[in-house]
Amino acid sequence: MKKQDQQNSAKELLRKQYARMVEKVTPSSKLLEGCLRSFWVGGLICTLGQAFSDLGYRYLSLNSTEASTFGSMVLVFITALLTGIGIFDRIGKYAGAGTVVPITGFANAMVSPAMEYRPEGWVLGTGAKLFTIAGPVLVYGITASVAVGLIYCLIGG
Amino acid sequence: MLKTVKHIGEQTVLLESMPGIIASAAVVGPKEGKGPLGINFDEVVDDPLCGQESFEMAEHMIFRRACEKCIANAGMEKGQVQALLGGDLLNQIMAASLSARELGIPFFGLYGACSTMTESLLLGAMLCDGGYFDPVLCAAGSHFCTAERQYRFPLEYGCQRTPSAQWTVTGAGAHMLARGRGKVRIPMGTVGRVIDLGVTDANNMGAAMAPAAADTILHHLLDTGRTLADYDQFVTGDLGAVGSRLLYDLLGKNGVELSGKKHTDCGLMIFDKDQDVHAGGSGCGCAASVLRGYILPNLEMGHWKRVAFMATGALLSTTSSQQGETIPGVAHLVVLEREA
Amino acid sequence: MMLWTYIKVFLCGGMLCLMGEWIILKTKLTPARILVAYITAGVILSAVGLYGPFVSFAQAGATVPLTGFGHILAQGAIAAVQEKGWIGAFTGGLTAAAGGITAAVFFGFLTAVLFKPKAKQ
């Protein structure tokens, strides 16, 4: 038993040593460059969203909440189109979180598997895989909102 | 342990009849065709879909065409090939199985991830040497688009690749082995152990596989009593830039000084630096096609006399990595020798 | 006035994205996990009353990032609870967020009908 413990700790040590070796030679992503890129692209996407929602408010006689939803919907549409013609992945490669964090990332996460899995059929391919990456987002978002609603009901309502 | 004349040390087999590679073929995708070895391949397909409905079917077409071209290069008919050994990266090695269905050759399906090429060469050479099958066709293939979807994200998903990530080669290589024939012979080989030093980052396959490569080299040298000086070159499959560095470090710790002078990595050969593949190429098709496009020509032209060729595989599945398992690696070594 | 709004939108939206990138690079979290983390953080921040003032300040800079999506879910649930009682906790969130989700499903499906994925070069 003791011998096995010794072997295990020797193995652990080897693994730790190797992890250090790996860390030393593995090039890391450029933090500053990545952050700058995601900052300006992400900022620009939000600004576009604001512009669309302003347009909706002014010319489509939407109230302010509807206008904000409208802005997001236009961004979703543009993302779907750019994903379809094969440009969005290049923007995402440049911007990283700049396209992931805004609603564009959510839209891209639904559109890209829907396209990719089309050969597996309309139902189990496109229909099911639409939610592979975006599904968890809805699961946790909805669950959290129900919890918030119930807590509010108990303490505030 | 079984002691026979065909087995030396712990992991090394001797192939007395010296099976040789009598013909080869490689079919690759457009990006690989634009790489430095592009002109050495038998066919460069210009459409990654190969006119098929899905990338999986395209991978299967590429695999089958490499096999057919190899048979043609050997001047044979399908019916003369006694066994096909091969595999790919798809779930349940679909590309190889479907190809075997159409080729109608008795088939051993292999999965060794990116180590499949040397796994099939080693087993094929043993079958030849044992007198069971002769000739034997050994093949391996992979496709960037199918590997991305299976192991990472959909093609149109916009995300960044880390600098240590590697690019799966679209391509397949097939090699015909026959007993006692051919310019390049396989006198021995070393079967690898599965080694895992706890790497979990699926974007750093080179680091996951380097310990297995080092282990196989050390055992090979121990089993045979040879040193690095006995070889003109050590060629690894797809360690990439990161994995190669780690291989030198790991061997150095054991007193074996390997360096870039005596080591080539297929993953670093197949693409140019400006092709944006980060740490290099990977996939079963990488070692399989570079063997055809670079290693065999160098041996045949006499630049090298004896080479240790070792494809390395990261034996992860999406399930195992989602369940938090670390990534095991394996490396099989075959010695390639020019017939004097 | 309008220009100042747009500057606020750009800076706040950009900062939320920058934070996401920093987390991805530092922790090796996958983008899918970032999305989940952001939406959940949005729901919680909104529930404790922090995200609402941020939205009135930054507008689309706060609503377009996924945290804004969480904010819509949480506010929808709370408003519906006020209106209809406990059942609102189940109906309010998705009702408020229906526009974005439905657009993503609809356009996602439409795109899959019209386009095929292309290999990367």
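Residue numbers begin at 1 in each chain, while the letters A, B, ... track the order of the sequences. Note that these values count all heavy atoms, side chains included, but never hydrogens, waters or copies made by symmetry.
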### Task
Evaluate the criterion side chain to side chain contact (heavy atoms under 4.5 Å, CB included) for residue pair A:L150 and C:F90; output intermediate values, then yes/no.
CA-CA 9 Å; A:L150 288 178; C:F90 291 87; 4.2 Å; yes
### Query
Could you go step by step and tell me if A:F77 and C:F106 meet the side chain to side chain contact (heavy atoms under 4.5 Å, CB included) rule?
CA-CA 9 Å; A:F77 170 74; C:F106 178 70; over 6 Å; no
### Task
Go through A:L154 and C:W86 one step at a time and tell me if the side chain to side chain contact (heavy atoms under 4.5 Å, CB included) criterion holds.
CA-CA 9 Å; A:L154 285 175; C:W86 67 270; over 6 Å; no
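For A:A147, no part lies under 4.5 angstrom from a heavy atom of chain C. Heavy atoms closer than 4.5 Å to chain A are found in both the backbone and the side chain of C:I78. With a 4.5 angstrom heavy-atom cutoff, A:L75 touches chain C only via side-chain atoms. If you measure heavy-atom distances from C:T5 to chain A, the contacts under 4.5 Å come from the side chain alone. With a 4.5 angstrom heavy-atom cutoff, C:I34 touches chain A only via side-chain atoms. For A:L31, the parts sitting under 4.5 Å from any heavy atom of chain C are the backbone and the side chain alike. Residue contact with chain C, scored on non-hydrogen atoms closer than 4.5 Å, is absent for A:S53. The contact between C:K26 and chain A is made entirely by side chain atoms (from C-beta outward), counting heavy-atom distances below 4.5 Å. When heavy atoms are compared at a cutoff of 4.5 Å, C:I72 does not approach chain A at all. Heavy-atom distances place the side chain of C:F69, and not its backbone, under 4.5 Å from chain A.
With C:V36 as the fixed residue, the side-chain contact (heavy atoms from CB on, under 4.5 Å) test singles out one of A:V137, A:V139, A:I133: A:V137.
At distances below 3.5 Å, at least one donor-acceptor pair connects side-chain atoms of A:R118 with backbone N or O atoms of C:A112. One N or O on the side chain of C:K118 and one on the backbone of A:G84 form a donor-acceptor pair closer than 3.5 Å.
Summarising the geometry of C:G100 relative to A:T69, their closest heavy-atom pair is N-CG2, 4.3 Å, with the distance given to 0.1 Å. Across all non-hydrogen atoms, the minimal contact from C:G108 to A:L130 is C-CD1, 4.2 Å. For the residue pair A:S145 and C:V43, the shortest heavy atom distance occurs at N-CG1, 3.8 Å.
Contact count versus chain A (heavy atoms, under 4.5 Å) is highest, among C:T111, C:T63, C:T91, for C:T111. When each of C:L114, C:V64, C:L25 is checked for heavy-atom pairs under 4.5 Å with chain A, C:V64 comes out on top. For the set A:T126, A:V101, A:L44, the entry with the most heavy-atom pairs within less than 4.5 Å of chain C is A:V101. Of the listed residues A:G43, A:G86, A:G149, the one with more heavy-atom pairs under 4.5 angstrom with chain C than any other is A:G43. Each of A:P136, A:A51, A:C35 has some count of heavy-atom pairs under 4.5 Å with chain C, and the biggest count is that of A:C35. Here C:V105 is the residue among C:V105, C:L16, C:L110 with the most heavy-atom pairs under 4.5 Å with chain A. Counting heavy-atom pairs closer than 4.5 Å to chain C, the top residue among A:T83, A:I45, A:N108, A:D89 is A:D89. Options C:Q75, C:Q82, C:R33, C:M2 differ in how many heavy-atom pairs under 4.5 Å they form with chain A, and the most are formed by C:Q82. Comparing C:L94, C:V113, C:T40 by how many heavy-atom pairs each has under 4.5 Å with chain A, the most go to C:V113.
Residue A:Y94 qualifies as enclosed at atom OH: its count of foreign heavy atoms under 6.0 Å is above 12. Within 6.0 Å of NZ in C:K84 there are more than 12 heavy atoms belonging to other residues, nucleotides or ligands. Within a 6.0 Å sphere centred on CD of A:Q7, heavy atoms belonging to other residues, nucleotides or ligands number more than 12.
Once rounded to the nearest 0.5 Å, the distance linking CZ of A:F39 with CG of C:L11 reads 5.0 Å. We find the CZ-CE distance between C:F107 and A:M73 to be 6.0 Å, quoted to the nearest 0.5 Å.
The side-chain heavy atoms of C:C12 and A:C46, taken from C-beta on, include no pair separated by under 4.5 Å. Counting heavy atoms from C-beta outward, A:D54 and C:Y6 have side chains that approach closer than 4.5 Å. Within the 4.5 Å cutoff, side-chain heavy atoms of C:F115 are placed close to those of A:I85.
Here C:Y38 and A:Y140 keep their ring centres 6.0 angstrom or further from each other.
Under the ring pair (Phe, Tyr, Trp, His ring centres under 6.0 Å) criterion, A:Y117 pairs with no residue, sequence neighbours left out.
The stretch residues 50-62 of chain C places C:Q59, C:A60, C:G61 near chain A, each with some heavy atom under 4.5 Å from a heavy atom of that chain. The contact list for residues 17-24 of chain C toward chain A, using heavy atoms and a distance under 4.5 Å, reads C:C17, C:L18, C:G20, C:E21, C:W22, C:I24 by residue number.
Screening residues 126-155 of chain A for salt bridge (Lys or Arg N to Asp or Glu O under 4.0 Å) gives no qualifying pairs among residues at least two apart or on separate chains.
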